[in-house]
Amino acid sequence: MAEFRITVIPGDGIGPEVTDSACEVLKLVAKTSGHTFTFNEVMAGGIAIDTCQQPLPEETLEAARQSDAVLLGAVGGPKWDGLPGNMRPEAALLGLRKGLGLYANLRLAILFPELKAASPLRPDLVEDGVDILIVRELTGGIYFGRRGLAESAETLEDGTPKGMEAFDIETYSEAEIERILRSGFISAMERRKKLTVVDKANILETSRLWRKVTERVKMDYPEVEVDFMYVDNASMQLLKRPTSFDVIVTSNMFGDILSDEAGMITGSIGMLPSASLGASGKPGMYEPVHGSAPDIAGQGIANPLATILSAAMMLRFSLGLSKEADRLERAVKQTLADGWRTVDLAQGDKKMVLGTEAITKKVMEAYLDE
Ligand code: IPM
Ligand code: MG
C-alpha cells in the first residue's frame, strides 16, 4: 500500500468549501483502497496576500514541489482587484504553474446527459453529447513573455500624443510546442483520435511555427486525424458543431479563452475539472475550472463536483490509482442520475437541491455503494 502526499491550496471565495469536500472524498478513497494520503494545507492567492503580503509564499511553492500532487480550490476576488499585476491573487496561479513546470493544462468540457437542458445551445446541437478535451499550453506564450509599460515619444497620424504605451510579447520555441503537441496527441490516442490544432497562422509567426512542428510530430501518431483551425473560426465552430470536436490543442491565451467557451456550452461550469501536468514523475496540480465565485462564498451552496472530479484526475494522473478514479467518476455520475443537484444545476424540483456538504455525502454514498 502506497503513501501519497497531497498539498491542498484552498485559496479564496468558494475554494475552501470545495477543497474540503474533495478532501473528504479522498479520505474515503484512502480508507477503502488501503492507501495513505497525507494532506498538507498551505496558502496562496488573496488569503496569502492578506496574511503574508504576497500571493505565493515560498513555503507554498516548496510544499507543492515536495508533494505527489496539488489540489487547488480557486484564487481571487474583488477585494484584491486593485493591486498591481504581480501582487494580485492570480500571480499565485502563474507562479505555481511556472514553478512546478506545469506546461500541459487538460480541461474537459463534458455535457453530462442528465444536465443537457442546462446547455445554452439548442438541444439539437448538443443531442449527441459534448465531450471536448482542451489541451492548453500553460507555461509559455504571451502569459510569460516580456512585457512593459512606458511613455511613448510618438504621436498618432493626427498628431495626438500616444501617451502611455504597453506591450506583451508572445514567444514559443519548437521544444515548447513539441511537448504540448505530444500531450495533445497522447490524449487523442486515448480518446477518439481526433486532434484540432487551434491557432492564428494567418497572422502570427508563433502559430506558423506551431503548424510546422505539428507536421513533424504527427508522423509519430499516424492514427490521429489532425486538422488546423484559426481561433476565430474555432470559437464559431464550437457553437455550431460542438459534438465534432475531440481534442483541441492550443496556446496559453487561446486555450484560456476557448476553455471558458467550451465550458459554457456544457451549461455547467460547476462540473468541469482540470489537470495541469509537467514532466512525468513531477507533481501535477488539479483544480476546478470555475473560479472563486465570491458572490456565493461561505453560504455552503457551492458545487463541489468539479473539485471532486479534479481529485479523480489526480488519482489517475499523479497517483496512478485509475481504478479508484473511474469509481469516483462513476459515483459523481450516479449522484446526478439519482437526481441530486446543487443550486447552480437546479431545474425545477427544489427537493433535490443540496448544499455543498450534503451533495458530497451523496457522492461518498454512491462510491461506497459500488
Ligand atoms: C484560468 C484563469 C487564469 C488564466 C487567471 C485567473 C490567471 O482564467 O485558469 O483560466 O488566465 O490562466
Ligand atoms: Mg481562464
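Note that this is a predicted model, so its numbers are computed, not measured.
The minimum heavy-atom distance between P89 and G46, with the atom names listed, is CB-N, 3.6 Å. Looking at every heavy atom in both residues, P10 comes nearest to V42 through CD-O, 3.5 Å. Nearest heavy atoms, L102 versus L138: O-CB, 3.2 Å. For the residue pair S187 and V247, the shortest heavy atom distance occurs at C-CG2, 4.2 Å. Taking each heavy atom of T139 and G101 in turn, the nearest pair found is CG2-C, 4.4 Å. Pairing each heavy atom of A234 with each of L258, the nearest pair is CB-CD1, 4.3 Å.
Within the model, atoms OG1 of T171 and CD of E176 stand 8.0 Å from one another, a figure rounded to the nearest 0.5 Å. Once rounded to the nearest 0.5 Å, the distance linking CE of M352 with CD1 of I359 reads 9.0 Å. Taking CD1 of I203 as the start and OH of Y230 as the end, the distance is 8.5 Å to the nearest 0.5 Å. The NZ atom of K162 sits 5.0 Å away from atom OG of S152, with the distance rounded to the nearest 0.5 Å. Atom CG of L354 is separated from atom NZ of K361 by 10.5 Å, given to the nearest 0.5 angstrom. How far CZ of R136 is from CG of L133: 13.5 Å, rounded to the nearest 0.5 Å.
Counting heavy atoms from C-beta outward, L149 and M164 have side chains that approach closer than 4.5 Å. Residues I296 and D344 fail the side-chain proximity criterion, which asks for heavy atoms closer than 4.5 Å. Between L61 and R65, the closest side-chain pair of non-hydrogen atoms falls below 4.5 Å. V70 places a side-chain heavy atom less than 4.5 Å from the side chain of I9. Side chains of L121 and L239 form a contact here, defined as non-hydrogen atoms less than 4.5 Å apart. Between K212 and I177 there is no side-chain heavy-atom pair separated by less than 4.5 Å. Between H35 and L319 the shortest side-chain heavy-atom distance does not fall below 4.5 Å. Annotation: side chain of L108 is in contact with side chain of M313 (closest heavy-atom distance under 4.5 Å).
Electrostatic pairing of D338 and K362 does not count as a salt bridge here, judged by no charged N lying under 4.0 Å from a carboxylate O. E205 has a carboxylate O that lies under 4.0 Å from a charged side-chain N of R208, or vice versa, which qualifies the two as a salt bridge. Salt bridge E178/R216: present, at least one basic N to carboxylate O contact under 4.0 Å. Between R327 and E324 no salt bridge is recorded (no basic side-chain N to carboxylate O distance below 4.0 Å). Classification of K79 and D50 as a salt-bridged pair holds, one side-chain N sitting under 4.0 Å from a carboxylate O.
Checking side-chain atoms of S119 against main-chain N and O of I265 turns up a donor-acceptor pair under 3.5 Å. Panel note: side chain E17, backbone G298; a donor-acceptor pair is recorded below 3.5 Å. Side-chain atoms of E137 do not come within 3.5 Å of backbone N or O of S251 as any donor-acceptor pair. Counting only distance, with no hydrogens or angles, the side chain of S318 and the backbone of M314 share no donor-acceptor pair below 3.5 Å. Checked by atom type and distance alone, the side chain of R192 pairs as donor or acceptor with a backbone atom of D131 at under 3.5 Å. For the pair T307 (side chain) and A22 (backbone), a donor-acceptor distance under 3.5 Å is absent. Using a distance-only test at 3.5 Å, with no hydrogens or angles considered, a donor-acceptor pair links the side chain of T266 to the main chain of S268. A donor-acceptor contact shorter than 3.5 Å is absent between the side chain of T19 and the backbone of G73. Without hydrogens or angle criteria, D68 side chain to R5 main chain gives a donor-acceptor distance under 3.5 Å. Side chain of T250 to main chain of V198: a donor-acceptor pair is present (N/O by atom type, distance under 3.5 Å, no hydrogens or angles).
Judged purely by distance below 3.5 Å, without hydrogens or angles, the side chains of N105 and S276 pair a donor atom with an acceptor atom. A side-chain donor from one of T342 and N303 sits under 3.5 Å from a side-chain acceptor of the other.
Residues Y103 and V217 share a single hydrophobic cluster, defined by chaining ILVMFWY side chains whose heavy atoms lie under 4.5 Å apart. In the hydrophobic clustering of ILVMFWY residues, with side-chain heavy atoms under 4.5 Å counting as a link, L315 and V8 come out together. When hydrophobic clusters are built by joining Ile, Leu, Val, Met, Phe, Trp and Tyr residues whose side-chain heavy atoms come closer than 4.5 Å, directly or via intermediates, F245 is not grouped with V135. Side-chain heavy atoms closer than 4.5 Å link hydrophobic residues (I, L, V, M, F, W, Y) into clusters, and following such links, even through other members, never connects M87 to L94. If you chain together hydrophobic residues whose side chains sit under 4.5 Å apart, M271 and L238 never meet in one group.
Within the structure, the ring pair (Phe, Tyr, Trp, His ring centres under 6.0 Å) test picks out the following pairs touching residues 163-203 (sequence neighbours left out): Y172-W210, F185-Y221.
Within 6.0 Å of CD on E357 lie no more than 12 heavy atoms contributed by other residues, nucleotides or ligands. Shown here is E215, whose CD atom has more than 12 heavy atoms of other residues, nucleotides or ligands within 6.0 Å.
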### Task
Mind running side-chain contact (heavy atoms from CB on, under 4.5 Å) on K200 and D232 for me, showing each step along the way?
CA-CA 8 Å; K200 189 73 185 169; D232 46 352; 3.2 Å; yes

### Task
Any chance you could lay out the side-chain contact (heavy atoms from CB on, under 4.5 Å) test for K218 and L195, step after step, and finish with the verdict?
CA-CA 10 Å; K218 77 176 190 195; L195 184 70; over 6 Å; no

### Task
Please report the C-alpha distance between S274 and V289 in whole Å, then the side-chain angles of each, then the deciding distance to 0.1 Å, and finally whether the side-chain contact (heavy atoms from CB on, under 4.5 Å) criterion is met.
CA-CA 6 Å; S274 81; V289 167; 4.0 Å; yes

### Task
Show your working on side-chain contact (heavy atoms from CB on, under 4.5 Å) between L93 and E287 and close with a plain yes or no.
CA-CA 11 Å; L93 273 184; E287 59 183 304; 3.9 Å; yes

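For D227, there are no salt bridge (Lys or Arg N to Asp or Glu O under 4.0 Å) partners at least two apart in sequence or on another chain.
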